[in-house]
There are 2 protein chains.
Amino acid sequence: MFKDFTTEAINAVMESSWQAFKIYKKVSLAQRADFMRRIATEIGNLGDGLIELAMKETNLTAARLQIERDRTIQQLNSYAAFCESGQWLDVRIDMADVNRVPPKPDLRKMLVPLGPVVVFGAANFPFAYSTAGGDTACAFAAGCPVIVKAHPGHIATSELVAKAIRRAAESCGLPTGIFAHVYGASSSVGEALVKHPHSKAVGFTGSFAGGKQLFDWGNQRGEPIPVFAEMSSVNPVFLLPEKLSSSAQEIAKMYAASITLSVGQFCTNPGIIIGIDGDDLEKFVQLLSEEIHSIAPAAMLNSGIYKNYSEKRKLALSQHGVKIVMGDNQNSPAGLESAGGGMMAGPTLAVSSAKDFMGNPLLQQEVFGPYSIIVRCADMNEMYAVAQNLQGQLTATLMATENDILYNEVFVDTVQQICGRFILNGVPTGVEVCLAMQHGGPYPATTDSRFTSVGADGIRRFARPVTFQNWPDALLPLELKHANPLRIWRTVNGELQKKEL
Amino acid sequence: MFKDFTTEAINAVMESSWQAFKIYKKVSLAQRADFMRRIATEIGNLGDGLIELAMKETNLTAARLQIERDRTIQQLNSYAAFCESGQWLDVRIDMADVNRVPPKPDLRKMLVPLGPVVVFGAANFPFAYSTAGGDTACAFAAGCPVIVKAHPGHIATSELVAKAIRRAAESCGLPTGIFAHVYGASSSVGEALVKHPHSKAVGFTGSFAGGKQLFDWGNQRGEPIPVFAEMSSVNPVFLLPEKLSSSAQEIAKMYAASITLSVGQFCTNPGIIIGIDGDDLEKFVQLLSEEIHSIAPAAMLNSGIYKNYSEKRKLALSQHGVKIVMGDNQNSPAGLESAGGGMMAGPTLAVSSAKDFMGNPLLQQEVFGPYSIIVRCADMNEMYAVAQNLQGQLTATLMATENDILYNEVFVDTVQQICGRFILNGVPTGVEVCLAMQHGGPYPATTDSRFTSVGADGIRRFARPVTFQNWPDALLPLELKHANPLRIWRTVNGELQKKEL
């Protein structure tokens, strides 16, 4: 039913996208926002049918999928509002000074769209980070057509959402090339899309291997293009001594829920918990195990993800010095597999010394699923060493009192250095969709820590500045005209303002 | 005197830079600005000695170098002011809502520095795009230490400026690792710097070959890092029919000056002039030749650049269909070499049909020096085809009346698509240092069209967002505190404001 696109079909898609770009880049901010809101409405109109189809394809629960569907709608609507505000265009105007020697020209800068954006959706978010997800919404807001490579894990769901986008485009009078939905179980389809001369940027959410491959393809092109890949993160959680001593029970409860949330299938799942050896940590591990024990195993997204979880878990547990403290004692959750109908994943807690952990990069690799490793440090110095040893992360969390923070300033700075979101006394799961969100971090969490894939600031990934020099008012885009007819924030001769000039 | 750094010396430099980063990243915006202003003062204090040394090393005139020195000082001072304003930090605050289900956390985002930045200076700008030039100023503003790979073409000048930076660092009480000055005639020194694990970003101004190499090294690292390379641009100028008909003399005068300015050694030198065949174009070429004829040949920066000019010019002139219309008729300016003391470059105007031009990518390559090729089109359709055929550019210029613009909308959009700065009825040379400037364009003009290397927005190249989630006011950076003690612009719950919360 969903056959891989041929090279000819991909070329036709990209040509149509390029032609649509010529029209869409000139569409007003208000029209782009209308289009995005219309997509949100069309997705809402799909009703329970969408949820039921996604349940079949992903094993996610109806409740979980309803929340994600609503989040997708909220993303489209909130990014539409930000798009319309024009604030993200970063308009800068420096007015002419004809009396200066040499005369200073009139210069007016704003962001313009890059061109067609290729989006690779996530297995674990069939709505919010897939077909009409964050990357697609950002690209449409920026003024770019989108080509979605449908995720094979939920391709029928993706097609249903694609139809909603097509209906929205039609009802807004936009060219059909504004959006394309491409099938490709083979990686050669993705490769052809990324390497096509009309592709101008790529958005991706998924594995390290997948994201890195796209990044390399993007950079190896005759004309390199930006590839924003949100890849892998183990989201370290540091338990500082005073906090752990006072709040072990509370932390255990929070983290049992966070580790097992959605069967651990979140990119912000806390995969590493770092504490200082002693009675407090022992008590915490005991409490955490008990809390997790009371949570029933659940089915993973699909057999590929389940297989990957089993294998990566097994590999991690087989490493020198790693012991299992909670979960099936066999080196695979196979017992659960037969009992639970194919893809039931049992939560797993492992433990390692800081020394063994730091000596083995494999233990930093993401085990996608309900798995966490507890790293036991001798003291704060060793915890600092672990922090220095960690790769880039989407998030890092401190469970700490004010004293814990103030007495360990250099350590705290080091943890900040490796993450995009720095959480105090909370859990990394739960990524709020708002402007202040940063969902992106130093490599290998993403391929460019300077951008985010959640929140309307993600629009900037797909736009670039152009300066108009010496253009008369009549010929300038609305955003740059003297009268500021769109009433947007602009930095004029160094001052932020909404005034007309 | 200036020996290449050994691997050990490079490692020591990078380690010192990394240690300095830990301190400098916490230095306040005001202190960073003070440091930058101090550098400006120290450069001013170098007086005529600096100019005289640079004259010897670059063949540039005293007047040209004084302007560039003043521009360098202006850059440091104006970027310092923008740094201090905090506007560039893009602060976003979304406040907590404990009554929401689930509760909404407090989220506060700002830019933080990436880490040590390696800067490769330009041959043609010994001050403004070298040791204490735009990249260095942006990195210091962002909170990053800088390692400058001294340009071999003006290494003594570079060392003198480096001393000024060191004096400024010392007088501001900053660690010595904040700035390093590395010698390396061999490319292996640059390679070691870019590939060092402590390097977190690269700034470069120079040739396509050099910039592309750094870009590849940066992307091939275990941890890829952003490389902003400002490389090559031929800055096309389109002569639209109504304008050419009415203003041939005026355009010829402007462009004779622009083509030969500083012996054509500007990255914004107009290298391609595109017009429509006929009497108007013929008259224009005649006028332009006459104007250029009256400008005396001058010495190029150094023998390497002169040799490169001779060779590239010769190669371009030997291509099918290319004819010389002005300049030495020999296929090299060798006659001038012997006459003028080594490196005198004669301005050259060539001409080609649009067909020959579009069929030969070599004719789009930059001939760095006072060289331009005039491309003759049959009509507007062919001019449109040439625009579609062009690679990414720093600038594109239209010489056009309002009618010329209004009657050729699709063509005008296409030209905008390939450039970072879009000039109407002006010349591309003369890059104003101000916030509204975009000096960056689609590849191969630069490696990332989303950033600029001129103007204070260039600071963003070296910074990334971090979101603080759920931190109490006492522990937040000044920029994010409720009271907004720095009085900076912040987007709070979607509204730009300077208020305290």
Side-chain angles (χ1 to χ4, degrees), chain A residues 22 25-26 87 90 92-94 102 104-105 107-109 112 114 215-216 219 223-224 226 392 402 405 410 413 416 419-426 430 432 434-438 440 442-444 447-450 452 457 460 463-472 474-475 489 491 494 496, chain B residues 22 25-26 87 90 92-94 102 104-105 107-109 112 114 215-216 219 223-224 226 392 402 405 410 413 416 419-426 430 432 434-438 440 442-444 447-450 452 457 460 463-472 474-475 489 491 494 496:
Chain A
K22 292 183 188 173
K25 72 178 174 184
K26 304 198 77 175
Q87 188 188 325
D90 276 343
R92 279 86 159 82
I93 297 175
D94 285 300
K104 183 177 174 181
L107 293 158
R108 299 176 186 228
K109 180 164 70 170
V112 301
L114 287 181
F215 177 73
D216 289 343
N219 283 317
E223 176 203 5
E402 197 162 320
I405 302 282
V410 176
D413 287 346
Q416 186 202 302
C419 70
R421 181 162 52 109
F422 198 16
I423 302 151
L424 185 60
N425 298 324
E432 191 71 27
C434 64
L435 199 59
M437 176 51 65
Q438 172 62 9
Y443 188 91
T447 45
D448 195 337
S449 66
R450 296 173 300 175
T452 181
D457 275 331
R460 278 208 191 130
R464 68 184 180 91
V466 167
T467 294
F468 292 79
Q469 178 171 329
N470 198 31
W471 287 67
L475 296 175
W489 283 103
T491 305
L496 253 172
Chain B
K22 293 182 188 174
K25 71 178 173 185
K26 304 198 75 175
Q87 187 189 328
D90 275 342
R92 279 87 159 81
I93 297 176
D94 284 300
K104 184 177 174 181
L107 293 158
R108 297 175 187 231
K109 180 164 70 170
V112 302
L114 288 181
F215 178 73
D216 288 343
N219 282 318
E223 175 203 5
E402 198 162 321
I405 303 281
V410 176
D413 287 347
Q416 185 200 304
C419 72
R421 181 161 52 108
F422 198 15
I423 302 151
L424 184 61
N425 297 325
E432 190 72 28
C434 64
L435 199 58
M437 177 50 64
Q438 172 63 10
Y443 188 90
T447 46
D448 194 337
S449 65
R450 296 174 300 175
T452 180
D457 275 330
R460 280 208 189 129
R464 68 184 180 92
V466 167
T467 294
F468 292 79
Q469 178 170 329
N470 198 32
W471 287 69
L475 296 176
W489 283 104
T491 304
L496 253 173

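Note that these values count all heavy atoms, side chains included, but never hydrogens, waters or copies made by symmetry. So that the names make sense, note that chain A is the first sequence line, chain B the second, and so on, each numbered from 1.
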d(B:Lys109 NZ, A:Arg421 CZ) to nearest 0.5 Å is 11.5 Å

Among B:Gly430, B:Pro102, B:Cys434, the residue with the most heavy-atom pairs under 4.5 Å to chain A is B:Cys434

Item checked: Test item: A:Glu432 and B:Leu107 side chains (from C-beta on) under 4.5 Å apart, heavy atoms -> yes

query: Taking C-beta and beyond as the side chain, do B:Phe468 and A:Ile423 meet within less than 4.5 Å on heavy atoms?
result: no

Checked B:Gly420, B:Gly494, B:Pro442 vs chain A; the most non-hydrogen pairs under 4.5 Å come from B:Gly420

Counting heavy-atom pairs under 4.5 Å with chain B, the top scorer among A:Val112, A:Asp457, A:Leu114, A:Thr491 is A:Asp457

Residues B:Arg108 and A:Ala436: closest non-hydrogen pair is N-CB, 4.3 Å

Under a 3.5 Å distance rule, please check whether B:Thr467 uses its side chain to pair with a backbone N or O of A:Gln438 as donor and acceptor. yes

Checklist entry - Taking B:Asn470 for the side chain and A:Asn425 for the main chain, is one N or O donor matched with an acceptor at less than 3.5 Å? => result yes

In plain terms, say whether A:Asp448 and B:Arg464 are close enough for a salt bridge, that is, a side-chain N and a carboxylate O under 4.0 Å apart. no

Between A:Pro472 and B:Leu424, is any pair of side-chain heavy atoms under 4.5 Å apart? yes

Evaluation steps, salt bridge (charged side-chain N to carboxylate O under 4.0 Å, His left out), between B:Lys25 and A:Asp413: CA-CA 9 Å; B:Lys25 71 178 173 185; A:Asp413 287 346; 5.4 Å; no

If you tally heavy-atom pairs under 4.5 Å between each of B:Glu402, B:Gln416, B:Arg460 and chain A, the highest tally belongs to B:Arg460

Scored by heavy-atom pairs under 4.5 Å with chain B, the best of A:Pro224, A:Pro105, A:Gly440 is A:Pro224

The interface call for A:Ala463 against chain B, heavy-atom contacts under 4.5 Å, is backbone

task: Indicate yes or no for a side-chain donor-acceptor contact from B:Lys22 to the backbone of A:Val410 under 3.5 Å, with no hydrogens or angles considered.
output: no

Of A:Val466, A:Asp94, A:Thr447, A:Asp216, the largest count of non-hydrogen pairs under 4.5 angstrom with chain B goes to A:Asp94

B:Ser449 and A:Pro465 have their tightest heavy-atom pair at O-CD, 3.4 Å

Most contact-rich option vs chain B, by heavy-atom pairs under 4.5 angstrom, among A:Leu496, A:Ile93, A:Asp90, is A:Leu496

Rounded to the nearest 0.5 angstrom, the CG-CD1 distance for A:Leu475 and B:Ile405 is 5.5 Å

One should read off an interatomic distance between A:Met437 CE and B:Gln469 CD, to the nearest 0.5 angstrom, of 5.5 Å

Minimal heavy-atom distance between A:Phe422 and B:Trp471, with the atoms involved, is O-NE1, 2.8 Å

